[in-house]
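Heads up: the structure comes next, in structure tokens.
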Protein chains: 2
Amino acid sequence: MSESRYRQIYSILKSGIQQGSYKIGNFLPSEHELCRTYKITRTTARKALDELLKEGFIEKEHGKGSRVKERRQSLGLLTVKGFSEAVGENVHTTFIQKPSLMSWPSDLPFPASENELDSKCIYFERLRGVQDTAVMRECNWFSAQGLDGFLEGDFVDGSFFKTLSQKYFIEITGSEQELRALYADEECASLLKVDPQSPILCISIKFTTSNPLLNIYSNLYCNTEKYPIGNRYYYLPFN
Amino acid sequence: MSESRYRQIYSILKSGIQQGSYKIGNFLPSEHELCRTYKITRTTARKALDELLKEGFIEKEHGKGSRVKERRQSLGLLTVKGFSEAVGENVHTTFIQKPSLMSWPSDLPFPASENELDSKCIYFERLRGVQDTAVMRECNWFSAQGLDGFLEGDFVDGSFFKTLSQKYFIEITGSEQELRALYADEECASLLKVDPQSPILCISIKFTTSNPLLNIYSNLYCNTEKYPIGNRYYYLPFN
DNA sequence: TAGTGGTCTAGACCACGGT
DNA sequence: CCGTGGTCTAGACCACTAG
């Protein structure tokens, strides 16, 4: 069975967004225009747009059109309040370890698949701060499979997820997290500039992606004294 | 302008689910049957079902029908792994403080609206454990407005959210959270049976509900030593 | 007023599940 | 086989936005 027509239109539009043909803030073709272009009815055009809407790629405005939205930055991931709100101003990110090949660690926060363990592992580590305070040490592991050239290229806008999306067309589809309160070990204490034995929030995450062979494993060590970790969820649409 | 037809059908079905006319695991009337019953077309019937699907009330099976689903227990809230997986077996919840009227605390985790502060405040506190370990102290505050009889009634199945849904038809629509790692204070240390100065995970939550005047404010103090706090998100539908 | 999205009708054909 | 949900057509009328 062939892919449904609305999924085809959906994919065409999504690619257009990801590749920048439709830029953030701009409008997609109107529903009637999509009907004419692709010889479909409005039901089908709307179904395609509905998918993009559900996934947060667009927002609709009655009487105006479908506008390309800023992709949710955090994808439901816990984000440091300052990061999303100060938007770059007083926020800094520095690499402790640039992406490089490593053997898989034995204490990965979630068990990896055999397939993953059979291929090489890319690791990178960053330190994130707000103003003059280091607030988060971020460690990331993932399989190098299908990510040719990743070690050589730079990050798009300094964002790992944006890089995956724009260079490799990989989207984050889900995550599994575990939260712990720990005493800071020496390495964390020195990086985050806190006393050893300070309470530290550790967030272990497994991100699943649109590539079934690729998961991202991360450990975030957070100093929550000045900047607690915040996030938001909305379950129901507001009509 | 009157409410759209599909919203009407949606509300009828949702009430049926909430009041138990359609029980968990049973099928709703088929799409064609809804068409006949309410004199609508399948487009409209499907739109109503789509809403229920999005909100997690039902799941659809091709060739079979729309089945009433167990409502997501945690509503995106971080849940203790043991709680969801052991499902009642080794899990226990005890009241430290039964629901009762109080004045609003000055250190509410999120600022409440004037409207809320003008009405009475209901507070209750519970201790949650897995096997013989106390893992979470849960403190809850919310306005008594519109919750007549709340202090007298028991919780439905021991669940606060189920009680709100089934007795007052109030659904959780979103949440805002802040995470902190803290040293245990004396009260927490004694309740959770850990050493004072142990690292404790504090989750502050503001739940918004389908009643714009009602928010739930909670503080969860978690001992994550044995049981880290886990949760899952899925962003994209799996087709 | 023209164009947009929101809702809805009345059909049709298909793929899937169970009998 | 029949009933289910999944997709799609070809229209229609409405409410909202903007020039």
Side-chain angles (χ1 to χ4, degrees), chain A residues 1-14 16-17 21-69 236-239, chain B residues 1-14 16-17 21-70 234 236-239:
Chain A
M1 181 203 122
S2 72
E3 195 184 30
S4 61
R5 196 80 180 100
Y6 82 85
R7 284 298 291 184
Q8 294 174 17
I9 311 298
Y10 155 84
S11 294
I12 292 170
L13 295 172
K14 186 172 139 183
I17 292 172
S21 313
Y22 303 116
K23 294 201 176 16
I24 288 167
N26 289 0
F27 286 101
L28 291 186
S30 77
E31 297 179 356
H32 292 284
E33 205 168 326
L34 290 175
C35 296
R36 288 193 295 274
T37 306
Y38 298 107
K39 312 283 181 217
I40 53 177
T41 55
R42 270 191 73 207
T43 312
T44 306
R46 283 178 64 79
K47 189 94 167 75
L49 293 173
D50 272 355
E51 295 290 301
L52 293 172
L53 190 66
K54 264 196 287 188
E55 299 179 9
F57 282 99
I58 61 169
E59 58 195 345
K60 289 182 152 201
E61 287 177 72
H62 194 167
K64 298 180 78 176
S66 301
R67 195 195 295 270
V68 178
K69 220 172 66 168
L236 306 185
F238 294 89
N239 291 301
Chain B
M1 180 203 122
S2 72
E3 195 185 29
S4 61
R5 197 76 180 104
Y6 83 84
R7 284 298 291 183
Q8 293 174 17
I9 311 297
Y10 155 84
S11 295
I12 292 170
L13 294 173
K14 185 172 138 183
I17 292 172
S21 313
Y22 303 115
K23 295 201 175 16
I24 289 166
N26 290 359
F27 287 100
L28 292 184
S30 77
E31 297 179 355
H32 291 284
E33 204 168 328
L34 291 174
C35 295
R36 288 191 295 273
T37 306
Y38 298 105
K39 313 280 181 219
I40 55 179
T41 54
R42 270 190 73 206
T43 313
T44 307
R46 283 179 64 80
K47 189 95 166 77
L49 292 174
D50 272 354
E51 294 290 301
L52 293 172
L53 190 66
K54 264 197 287 189
E55 298 178 11
F57 283 98
I58 60 170
E59 57 194 344
K60 289 182 153 201
E61 287 176 71
H62 195 166
K64 298 181 75 175
S66 302
R67 194 196 296 269
V68 178
K69 218 171 67 169
E70 176 80 64
Y234 296 107
L236 306 184
F238 294 89
N239 291 301

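So that the names make sense, note that chain A is the first sequence line, chain B the second, and so on, each numbered from 1.
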Quick one: does [X]'s side chain have a donor or acceptor within less than 3.5 Å of a partner on [Y]'s backbone?
{"X": "Arg5(B)", "Y": "Tyr38(B)", "value": "yes"}
{"X": "Thr44(B)", "Y": "Ile40(B)", "value": "no"}
{"X": "Arg67(B)", "Y": "Asn26(B)", "value": "no"}
{"X": "Glu59(B)", "Y": "Ser66(B)", "value": "no"}

Rounded to whole Å, how long is the line connecting atom [atom1] of [X] with atom [atom2] of [N]?
{"X": "Lys47(A)", "N": "dT9(D)", "atom1": "NZ", "atom2": "C1'", "value": "16 Å"}
{"X": "Leu34(B)", "N": "dG3(D)", "atom1": "CG", "atom2": "C1'", "value": "14 Å"}
{"X": "Arg5(B)", "N": "dA15(D)", "atom1": "CZ", "atom2": "C1'", "value": "20 Å"}
{"X": "Arg67(A)", "N": "dT17(D)", "atom1": "CZ", "atom2": "P", "value": "12 Å"}

Legend entry - SB check Glu51(B) Lys14(B) (cutoff 4.0 Å): no
Inset, instruction - Kindly write out the residues that satisfy salt bridge (Lys or Arg N to Asp or Glu O under 4.0 Å) with Arg36(B), not counting sequence neighbours, or none if the list is empty. - result: none
Legend entry - Any Lys60(B) side-chain heavy atom under 4.5 Å of Arg46(B) side chain: yes
Legend entry - Test item: Ile58(A) and Leu13(A) side chains (from C-beta on) under 4.5 Å apart, heavy atoms: no
Legend entry - DNA chain D stem ranges, 3 or more consecutive Watson-Crick or G-U pairs under 3.5 angstrom: C:1-18 with D:1-18
Any N/O pairs under 3.5 Å between the protein and nucleotides 2-6 of chain C? List them or say none.
unit_1, atom_1, unit_2, atom_2, d
dG3(C), N2, Gly63(A), O, 3.1
dT4(C), OP1, Ser30(A), OG, 3.3
dG5(C), OP2, Glu31(A), N, 2.7
dG5(C), N2, His62(A), NE2, 3.3
dG5(C), N3, His62(A), NE2, 3.3
dG6(C), OP2, Arg46(A), NH1, 2.7
dG6(C), OP2, Arg46(A), NH2, 3.3
dG6(C), OP2, Lys60(A), NZ, 3.1
dG6(C), N7, Arg42(A), NH2, 2.8
dG6(C), O6, Arg42(A), NH1, 2.8

Inset, instruction - Would you please confirm or rule out a distance under 4.0 Å between OP1 or OP2 of dT9(C) and any side-chain N or O of Thr44(B)? - result: yes
